[in-house]
Visitor: 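This is the structure I want to talk about, given as structure tokens.
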Amino acid sequence: MLQQTTVAAVLPRYVSFLDRFPDIDSLARAKEESVLAEWSGLGYYARARHLSRAARQVVREHGGELPRDIAALRALPGFGEYTAAAVASLAWDVRAPAADANVTRVLSRVHAIPGTAGSRAHRQRVLVAATELLPLARPGDATAALMDLGQAICLPRRPLCPRCPLRAECAGLASGDPERYPRRPSKPPMGRATVAAGVVRREGRALLLRRAGRASLGGLWEFPSAQAETLPAAKEDLGLLLRSLGLMLDDATPPAPADHTIMRRRLEIAVFRALPAELPIAPVTGGGARWWTPSELDRAAVSTLTRKIGRAAGFLPVAQ
DNA sequence: CAGCCGTGGGG
DNA sequence: TCCCCAAGGCT
């Protein structure tokens, strides 16, 4: 959960996740969709799919016990170089260097490591520095301390150097401008797009479709929707999708607006009502479509975008 | 290596 | 309002 997600965002979800899946066996037995439902709203949903697969692999290959060596951890879905080292170090007290964004920032500054964070050369120098720093006794505590130092003191901007225990030996501070370490890769500018979503209701339920497997947002339920650069284009695509479902867009009712930012795209959302094109309504069959009550949908595997659409349509309550 | 994946909080 | 950033990994 903590991959690219802050402790504050994770903490309440971590508690409820462990309440729902208290151990690896219960996680391994659960359907992937149940794990995604518990993950709903946390983002980066591939992490939940990986976690589901990883639990099953641990049961199958390691007797239900998380392995203690780096190589076996690294072989689990969702365990990259960092996470394997972090788990080995923090959980098993293995002397493995784990350089997350915080540790990378701290060590980049302490050693004034040039170059862009994430490049192979830079990453290698950070790992060497981390390895040199790890003590033989309780290396996990040192890993945790480095992370905490980066999270609380060695901030990305305006670091609290006067309060830093490493200030006397920090080359970045000595250089006069610790903030320039590490150099961050440039990011593409924010884009914009429009989403047209169709909400069709029947007997108190609404129709949602499920995306397939590994795709983006795979395994999550969504209202029928289409994304395009302009509203007319998105609306046109939505109309085609609805027609294939035996539905039609209701043009008499003005669309409800919403907005959402997903990665580097700002989305303007227009939520249309949809109606059956012929009576009786074509029963939507297959595992990819289902009619949901509001309370069912509230506990379902859906993204925040889907929740916003449901609320804009008046189908889901506007929440706490 | 580049591109992509979600979301919420903070400046 | 807008950008930055976060206990990264996969393709």
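Proteins get letters first, then strands, A, B, ... in listed order; numbering begins at 1 in each.
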Visitor: Side chains of A/His260 and A/Thr304: donor-acceptor distance under 3.5 Å anywhere?
Guide: no

Visitor: Given C/dC5, C/dG9, C/dC4, which nucleotide is nearest the side-chain atoms of A/Arg105?
Guide: C/dC5

Visitor: Closer to the 5' end of DNA chain B via nearest nucleotide, is it A/Ile262 or A/Arg123?
Guide: A/Arg123

Visitor: Can you find a donor-acceptor pair, distance only, under 3.5 Å between A/Thr5 side chain and B/dG6 base?
Guide: yes

Visitor: Map A/Met190 and A/Arg47 onto DNA chain C by nearest heavy atom, then report which one ends up closer to the 5' terminus.
Guide: A/Met190

Visitor: Locate the shortest heavy-atom distance separating A/Leu242 from A/Ala274; write the atom from each residue and the value.
Guide: CD1-CB, 4.0 Å

Visitor: Ignoring hydrogens and angles, write down the donor-acceptor pairs under 3.5 Å from the side chains of residues 89-97 of chain A, residues two or more places apart or on other chains.
Guide:
from: A/Ser89; atom 1: OG; to: A/Thr143; atom 2: OG1; distance (Å): 2.8
from: A/Trp92; atom 1: NE1; to: A/Pro67; atom 2: O; distance (Å): 3.1
from: A/Asp93; atom 1: OD1; to: A/Gly140; atom 2: N; distance (Å): 2.7
from: A/Arg95; atom 1: NE; to: A/Leu134; atom 2: O; distance (Å): 2.8
from: A/Arg95; atom 1: NE; to: A/Pro135; atom 2: O; distance (Å): 3.4
from: A/Arg95; atom 1: NH2; to: A/Thr131; atom 2: O; distance (Å): 2.9
from: A/Arg95; atom 1: NH2; to: A/Leu134; atom 2: O; distance (Å): 2.7

Visitor: Considering only heavy atoms, which members of residues 34-46 of chain A lie under 4.0 Å from some atom of DNA chain B?
Guide: A/Gly41, A/Leu42, A/Gly43, A/Tyr44, A/Tyr45

Visitor: Considering only side-chain heavy atoms of A/Thr83, which listed nucleotide, C/dC4, C/dG9, B/dT7, is closest?
Guide: C/dG9

Visitor: Here's one to test your reading of the geometry: is the NZ or CZ of A/Arg13 within 45 degrees of the ring axis of A/Trp39 and under 6.0 Å from its centre?
Guide: no

Visitor: When rounded to the nearest Å, what value does the distance between P atoms of C/dG9 and B/dG8 take?
Guide: 22 Å

Visitor: Out of B/dG8, C/dC2, C/dA6, which nucleotide sits closest to the side chain of A/Thr304?
Guide: B/dG8

Visitor: Name the residue closer to the 5' end of DNA chain C, choosing between A/Thr6 and A/Pro77 according to the nucleotide with the nearest heavy atom.
Guide: A/Thr6

Visitor: Compare every heavy atom of A/Phe17 with every heavy atom of A/Glu38, then report the nearest pair and how far apart it is.
Guide: CG-CD1, 3.4 Å

Visitor: Expressed in whole Å, how much space separates the C1' atoms belonging to B/dC1 and C/dG8?
Guide: 16 Å

Visitor: Got a sec? Which of residues 141-156 of chain A come in under 4.0 Å of DNA chain C, heavy atoms?
Guide: A/Met147, A/Gln151, A/Pro156

Visitor: Looking at the side chain of A/Tyr82, which of B/dC5, C/dA7, C/dC5 is the nearest nucleotide?
Guide: C/dA7

Visitor: With rounding to whole Å, what would you report as the distance between C/dA7 and B/dG11 at their P atoms?
Guide: 15 Å

